[in-house]
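Notes for the one structure printed next.
Worth saying up front: this structure is predicted, and the values here are computed from it rather than measured. Read the numbers this way: they start at 1 and go in the same order the structure lists the ligands and their atoms.
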Amino acid sequence: MNHEYGYFEEDQIGRIGDIKLWRNLLVFILPQWRWIALAVILALGITASTLLLPRLVQLGMDRYIIDSSLGTDERIEGLARLGGIFLAVVLAGFVVNFFQVMVLEWTGQRIMHALRQHLFQHILQLNLSFFHRHSVGRLVTRLTNDIQNMYEMFTSVIVTLFNDGVKLAGILGILFWMNWRLALILSLTFPIMLVITVYFGRLSRDAFRRIRTHLAGINAYIQEIVSGISVIQIFLREKDAHGQFRQLNDRYYQSALYQIRIFGIFIPLIEVMSSASLALIIWYGGGEILREHMTLGVLTAFISYMRLFFQPLRELSQKYSIVQSAMASAERIFHLLETREMLPVPPEPLSPARVNGHIAFEGVEFEYEAGRPVLKDLSFEVQPGETLAVVGATGSGKTTLINLLERLYDPLEGSIRLDGTDLRRLDLRWLRDQIGLVMQDVFIVPGSIRENILLDRHMPEEELDRIVRLSQLSELVKNLPRGLDTKIGEGAMDFSAGQKQLLAFARVLARNPRILVLDEATANVDTETEMLIEQAIQAAMANRTSIVIAHRLSTIRRAQRILVMDHGRIVEQGTHEDLMARGGLYSHLQSLQNGDGRGGGLRLAASDSGEETV
Ligand SMILES: Nc1ncnc2c1ncn2[C@@H]1O[C@H](COP(=O)(O)OP(=O)(O)O)[C@@H](O)[C@H]1O
Ligand SMILES: [Mg+2]
């Protein structure tokens, strides 16, 4: 099964006879079997009460209205008694019906709740490359619409189909029991009904598919237009867009009309069949009455049962399409659940108690897309406590290197070791807990500053104060009326890019990981916070193995060693002075940055303010 998760996926129609799909569904349905059994028993109760009513009418007619062997008072009294029973049955039917609906909806909700939970948990574990290929919108659809579709199928279709099935079987049984000859004659119409229903079922599936396809087309077009609206307006393409939309809209309209036509024929046709059956009953049944083989009451009951019989058939073809769309949803959901794009988990994951922070890359090769290598034969080491800077042009593979260190991906070739142990043998959560990562974009969780620093960790207040001080947030916090408990993003309180960086450093200090990674953390910072950040970096780097990807010369210079990357390879390494003296790519990058008329090489020499970029 290869799904192209395009917009047109919504036009897929599931196969009702897909056994594997039903087996998958059963896993979620079976735990609820007690409730489903209860619903089935209640369904039998509902059917019994529905089928009892015409029978009561028959008794009333035959025993008390037509039969004149009893006295008038007795007959009226008997009718009153039957009327009472009738009312009681109706009420009982109502109560049972109420409970059945409640039980079913409740069960349906529980099944979908479990499925949604399962699916979400599954998605959380998938590896990053999966998310590069699947859009957010589609994943959201899986968790919301698709599950809703299945819920609808469960409550409105499977259930009514079951109820109707029981009802139809019950009616047939009663009809044969009351008068088998008449029932047999009626049965002659069944094959015709069957052919009609199957034929129209096909047509309606076809119509349904067309409607879905055209609707998906409209959706895709709207999306395309809205996201490019400025281009449309600037280039005065409104009229064009309008025309194209009209075409799509017309097609959708035509397919809706087609469906209406189909139902416009099908429903009256069922009506005709129902009336024709009625004619059969009156013709043959009337004769049976005259031949005194049957009573008038039985004929009346027959007619009532006939009406009950045709009612579910009328709704059948509509339900058919609900089932199909639900099966398509189920197929997509289970397809997603079957996706096993996860990093291999070691049989016995290690989580060493002590970490020195020695990092080694050995002959690492990596590619995001097959045939387009991003890292090539990359080897380097970082000693415990050392600070390593990585520089290189955009796209040279710096962030990729960090992604591999965090084990968001595994290398294609070679290995990455922490204190001599291959990352693939370590516990993933443990590994990520050892690395404090500060990126350009800082993820703020909704909540107070305190919550944002601690992220569910607990620590004594003095310790937190120390961290706030070290990360240079004290000034900021002091001026807030509610201090650390101020909610970020509320009212006047919003963090600037630089302040967010400080917050990120506070987080690192609070977690106290052995390894610190800065990925262009200081790229877009206002000059006011710059100094503060310098100090926060210093605090964060102390006693840690640090890998710093930076633009700022001041940050780079603090590193004991600098790696220069170019197209996924290390082309140079050494200290700032070494590399400058060498006159290679590093010094070239420097002069490029500085030769743009902002002050030339002079600034490089005098740059402790951190303005320079590499
Ligand atoms: N998720 C991805 N899928 C495919 N290619 C990617 C992905 N992320 C990065 N790349 C490619 O990998 C190369 C290195 O990217 P990156 O490591 O982000 O570079 P840097 O951080 O040095 O700017 C670039 O050519 C980039 O286009
Ligand atoms: Mg990058």
Side-chain angles (χ1 to χ4, degrees), residues 4-5 123-139 339 341-343 359 361-380 382 387-414 416 423 432 435-443 497 500-501 504-505 508 515-525 533 537 546-553 555-556 559 561-573 579 584-586 588-590 592-593 612-614:
E4 182 48 52
Y5 278 79
I123 291 176
L124 278 187
Q125 290 168 356
L126 293 174
N127 71 16
L128 274 190
S129 40
F130 173 85
F131 293 95
H132 294 320
R133 283 185 289 106
H134 300 269
S135 80
V136 180
R138 284 174 211 149
L139 292 178
T339 310
E341 288 184 39
M342 296 174 198
L343 295 170
I359 298 166
F361 276 59
E362 252 179 51
V364 170
E365 311 259 339
F366 181 73
E367 58 191 28
Y368 290 102
E369 291 153 31
R372 296 182 58 191
V374 173
L375 296 184
K376 296 161 213 157
D377 193 22
L378 197 74
S379 302
F380 65 89
V382 195
T387 298
L388 176 81
V390 181
V391 300
T394 303
S396 55
K398 304 180 298 290
T399 300
T400 305
L401 186 149
I402 304 304
N403 289 344
L404 293 182
L405 182 62
E406 290 266 8
R407 203 173 171 223
L408 293 174
Y409 309 91
D410 278 335
L412 209 60
E413 291 286 336
I416 304 169
L423 298 190
R432 290 182 185 164
I435 305 171
L437 176 64
V438 181
M439 294 184 292
Q440 200 169 322
D441 293 319
V442 180
F443 182 69
K500 282 185 189 169
Q501 294 296 337
F505 285 111
V508 169
I515 299 162
L516 175 72
V517 175
L518 308 186
D519 188 355
E520 315 212 338
T522 53
N524 297 327
V525 168
I533 286 188
I537 290 181
S546 310
I547 297 183
V548 181
I549 298 170
H551 285 292
R552 265 155 220 285
L553 193 62
T555 324
I556 294 168
R561 213 150 38 95
I562 302 170
L563 288 188
V564 185
M565 288 189 63
D566 186 31
H567 292 99
R569 285 180 204 281
I570 298 174
V571 289
E572 289 171 22
Q573 53 181 309
L579 293 172
L585 181 62
Y586 182 79
H588 180 62
L589 281 172
Q590 297 280 11
L592 266 187
Q593 292 281 332
E612 264 67 26
T613 54
V614 170

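- Annotation: Thr394 places no N or O atom under 3.5 Å from an N or O atom of ligand 1; distance criterion only.
- The count of protein N, O or S atoms under 2.8 Å from the Mg ion (ligand 2) stands at 1, with waters excluded from the count.
- Heavy-atom contacts of Val374 reach the following atoms of ligand 1: 12 (O), 13 (C), 14 (C) (cutoff under 4.0 Å).
- Side chains of Ile402 and Leu437 form a contact here, defined as non-hydrogen atoms less than 4.5 Å apart.
- Distances from atom 6 (C) of ligand 1 to the protein include at least one heavy-atom value under 4.0 Å.
- For atom 22 (O) of ligand 1, the closest non-hydrogen atom of the protein is Lys398 N, 2.8 Å.
- Selection from Tyr368, Phe366, Phe131 by nearest heavy atom to atom 3 (N) of ligand 1 gives Tyr368.
- Separating the OH atom in Tyr368 from the CG atom in Leu412 is a distance of 12.5 Å, to the nearest 0.5 Å.
- Note: an N/O pair closer than 3.5 Å links Gly395 and ligand 1 by distance alone.
- Separation of atoms OG1 (Thr387) and CD1 (Ile556) is listed at 12.5 Å; rounding is to 0.5 Å.
- Under a 4.0 Å heavy-atom criterion, Gly392 is not in contact with ligand 1.
- Here Ile547 contributes atom CD1 and Arg561 contributes atom CZ; the two are 9.5 Å apart, rounded to the nearest 0.5 Å.
- With values rounded to the nearest 0.5 angstrom, Met439 atom CE is found 11.0 Å from Ile549 atom CD1.
- Atom CD of Glu362 and atom CD of Glu413 lie 13.0 Å apart (nearest 0.5 Å).
- Side-chain atoms of Lys376 do not come within 3.5 Å of backbone N or O of Val364 as any donor-acceptor pair.
- Of the polar atoms of Thr399, at least one N or O is found under 3.5 Å from an N or O of ligand 1, judged by distance alone.
- Nearest approach of Tyr586 to Ile562, heavy atoms of both residues: OH-CD1, 3.7 Å.
- The shortest distance between side-chain heavy atoms of Glu406 and Ile435 falls below 4.5 Å.
- Heavy atoms of Arg372 found under 4.0 angstrom from ligand 1: none, in either backbone or side chain.
- Lys500 contributes no side-chain N or O that, together with a main-chain N or O of Asp441, makes up a donor-acceptor pair within less than 3.5 Å.
- Pairing each heavy atom of Ile570 with each of Phe380, the nearest pair is CD1-CD2, 3.8 Å.
- In this structure, Gln440 contributes its side chain and Asp519 its backbone to no donor-acceptor pair below 3.5 Å.
- Here Thr400 has heavy atoms under 4.0 Å from ligand 1 in both its backbone and its side chain.
- There is no protein heavy atom less than 4.0 angstrom from atom 27 (O) of ligand 1.
- With respect to atom 1 (N) of ligand 1, the closest heavy atom belonging to the protein is His132 NE2, 3.0 Å.
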